[in-house]
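To start, the structure under review is shown below, and the notes come after it.
Within every chain, numbering begins at 1; the chains are lettered A, B, ... in the order of the sequence lines, protein sequences first and strands thereafter. Note that the coordinates shown come from a computational prediction; the quantities given were computed from them, not determined experimentally.
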Amino acid sequence: MKPRVRFAPSPTGNVHIGNIRAAIFNWLYARHTGGTFLLRVEDTDLERSTPEAIRTLLDCMEWLKLDYDEPVVYQTTQVKKHLAAAEKLLADGRAYKENKGGKGDCVIFRMPKDGDVAYRDLVKGEMRKHATDTQDFVIVRSDGSPVFHLANVVDDITQGVTHVIRGDDHVENTFKHIELFKALGAEPPQYAHLPMIVNHMGKPYSKRDGAAFVGEFREQGYLPDALFNFLVLLGWAPGDDREIMSREELIAAFTLDRCKSSAARFDLKKLTWMNGEYIARMPRAAYLDEILPRLDAAGLPREPLNGMAQELFDQIQPRTKKFSDFPRNCVYCFTEAYPFDDKAVSKRLKGDGALDNLLAAQAAFEQVQDWTIDSTTAALHALAEQTGKNLGAYVHPVRVAVSGVMEGPGLFELLVLLGRERVLSRMSQTALRLQSGTL
RNA sequence: GCGCCCAUCGUCUAUCGGUUAGGACACAAGAUUUUCAUUCUUGGAAGAGGAGUUCGACUCUCCUUGGGCGUGCCA
């Protein structure tokens, strides 16, 4: 029998990375085994499960390309089944009513009073609990609404779920759920409990941590494939040294028995590195799809000042770690009103002799008519040789003068990208501002 | 308090009794007679502690310590 797995989030308006990681593992398991991946929206909290919250959830699934194989099931449509199950348990004597705290009758499920409750967790191994360490629990509230445990189990039964892959925080519930399955005359599914993802401090995520929601990564310019790849590697590894892996490779390699059972910290720096790798490998057209709207949003033209878009992006694309770096990392190619980085100015333009060096470089460049990488390189080298200074004495002030920053493409590539006239005018503008103290 | 789970470099991880404990991120140094966000090289960096089993333990068992989860009307 082919596995049937599900992702069963309750929509709250944000999708947490721990949650989506569970979705990813379910999805990978289904795709690896040729099984079925289901999406069940546990929308019984009417306060939070707004249409927008559900929209956010579905968007998120789509963004990460987590496609599901059957129509979405909304838990609110299943309430009758939940209550019918409760009636059956009541009739079978597996549940009883009680009026606790005068709130009216609620339905309580009877846990076994002797023996063990045990199961074999696909990632954690043998799990066992003495019946005496378990307690009866509420399955229908006094207001008549089914509690999570009941709804969850009944839905899994009706959807024919064979494997429950979810977060570690559910291990305790599993003992309850297994008994519920059995009491309802159903075979309990296989369970696989994934380790938690914790914040950079190694602590559980709290509201204050931020940057823990999928939407935030999307906004910051992380690619879905990179986030997907990164998240898979939290609590799972292929066993060889591969890290950057395509969907196909991940699907082929993914097995539950290679999941770890200890919590993993979320390392943003590694995600950012991985994102940069993905960006560098993107087809140019896809890169432009990300980049152009950001130019629009920044009020910049889509075409660089001096044309040569191709050459510019050849330089910029491999240096983009996340799209929110753009266009900040190359504004100077799109507007004359490029900002000067304070540190760059003080370090490269206000140092000893920096202004003189800048002027000397300008004079040298003015002699260059055929403006190429080779000719500008030769000109600056000749100047350095003539004055006996390090090439860097000229390179650094020139770079900051024409771009405002200390990083970017190789200087001579940059000069050609900007064009002769623009370079010369920026150099003299910058020199003037330095002389007049307005920089 | 009680129950369950977890424990390898700073971080993510490999190792399924015998390895100089490997890789990646990050960091540091160097190279690319110019930047670094590219590329390359090099470096530092780990089995929480204690018993036991064994010829031999990161690996198996137990204890301690530390952390996490749960503990009748959240999911």
Would you mind reading off the distance between [X] atom [atom1] and [N] atom [atom2], rounded to a whole angstrom?
X: A/L414; N: B/C36; atom1: CG; atom2: C1'; value: 13 Å
X: A/M201; N: B/G68; atom1: CE; atom2: P; value: 12 Å
X: A/R166; N: B/G70; atom1: CZ; atom2: C1'; value: 13 Å
X: A/H149; N: B/C74; atom1: NE2; atom2: P; value: 10 Å
X: A/E385; N: B/U34; atom1: CD; atom2: C1'; value: 16 Å
X: A/K97; N: B/C73; atom1: NZ; atom2: P; value: 18 Å
X: A/L268; N: B/G10; atom1: CG; atom2: C1'; value: 15 Å
X: A/N99; N: B/G72; atom1: CG; atom2: C1'; value: 14 Å

Options [options], nucleotide nearest the side-chain atoms of [X]:
X: A/K260; options: B/U13, B/C69, B/C73; value: B/U13
X: A/P204; options: B/G68, B/A14, B/U11; value: B/G68
X: A/D133; options: B/G3, B/U39, B/C12; value: B/G3
X: A/L411; options: B/G23, B/U35, B/U34; value: B/U34
X: A/D267; options: B/U34, B/G10, B/G72; value: B/G10
X: A/S262; options: B/A7, B/A14, B/U71; value: B/A7
X: A/H396; options: B/U34, B/G23, B/A14; value: B/U34
X: A/K321; options: B/C6, B/A37, B/C69; value: B/A37
X: A/E407; options: B/C36, B/A14, B/C69; value: B/C36
X: A/K124; options: B/G22, B/C12, B/C5; value: B/C5

* Identified pairing partner of B/C9, criterion: Watson-Crick or G-U wobble below 3.5 Å -> none
* Asked: Partner of B/C60 by Watson-Crick or G-U wobble geometry, both contacts under 3.5 Å, or none?
  -> B/G52
[atom1] spacing across the pair [N] / [M], given as an integer number of angstrom:
N: B/A46; M: B/A21; atom1: P; result: 12 Å
N: B/G72; M: B/U64; atom1: C1'; result: 34 Å
N: B/U20; M: B/C58; atom1: P; result: 13 Å
N: B/C60; M: B/G18; atom1: C1'; result: 15 Å

Any donor-acceptor pair, under 3.5 Å, between the side chain of [X] and the base of [N], if you only look at N and O atoms?
X: A/R319; N: B/U38; result: no
X: A/Y205; N: B/G68; result: no
X: A/K270; N: B/A26; result: no
X: A/N173; N: B/A75; result: yes

* Heavy-atom distance under 4.5 Å between the side chains of A/K182 and A/P188, does that happen here? -> yes
Using a cut-off of less than 4.0 Å, is there contact between a side-chain N or O of [X] and OP1 or OP2 of [N]?
X: A/R141; N: B/A75; value: yes
X: A/R258; N: B/U15; value: yes
X: A/K203; N: B/G68; value: yes
X: A/K347; N: B/U35; value: no

How are the rings of [X] and [Y] set relative to one another: parallel (under 30°), tilted (30 to 60°) or perpendicular (over 60°)?
X: A/F266; Y: A/F230; result: perpendicular
X: A/Y205; Y: A/H16; result: perpendicular
X: A/F109; Y: A/F137; result: tilted

* Quick one: pull up CD in A/Q315 and SG in A/C330 and give me the separation to the nearest 0.5 Å. => 11.0 Å
* Value rounded to 0.5 Å, distance of CZ in A/F217 from CG in A/L223 -> 13.5 Å
* Could A/R319 and A/D325 be called an ion pair, given the rule that one side-chain N must be under 4.0 Å from one carboxylate O? -> no
* Asked: With a non-hydrogen cut-off below 4.0 angstrom, is A/H193 in contact with a base, only sugar-phosphate, or nothing?
  -> nothing
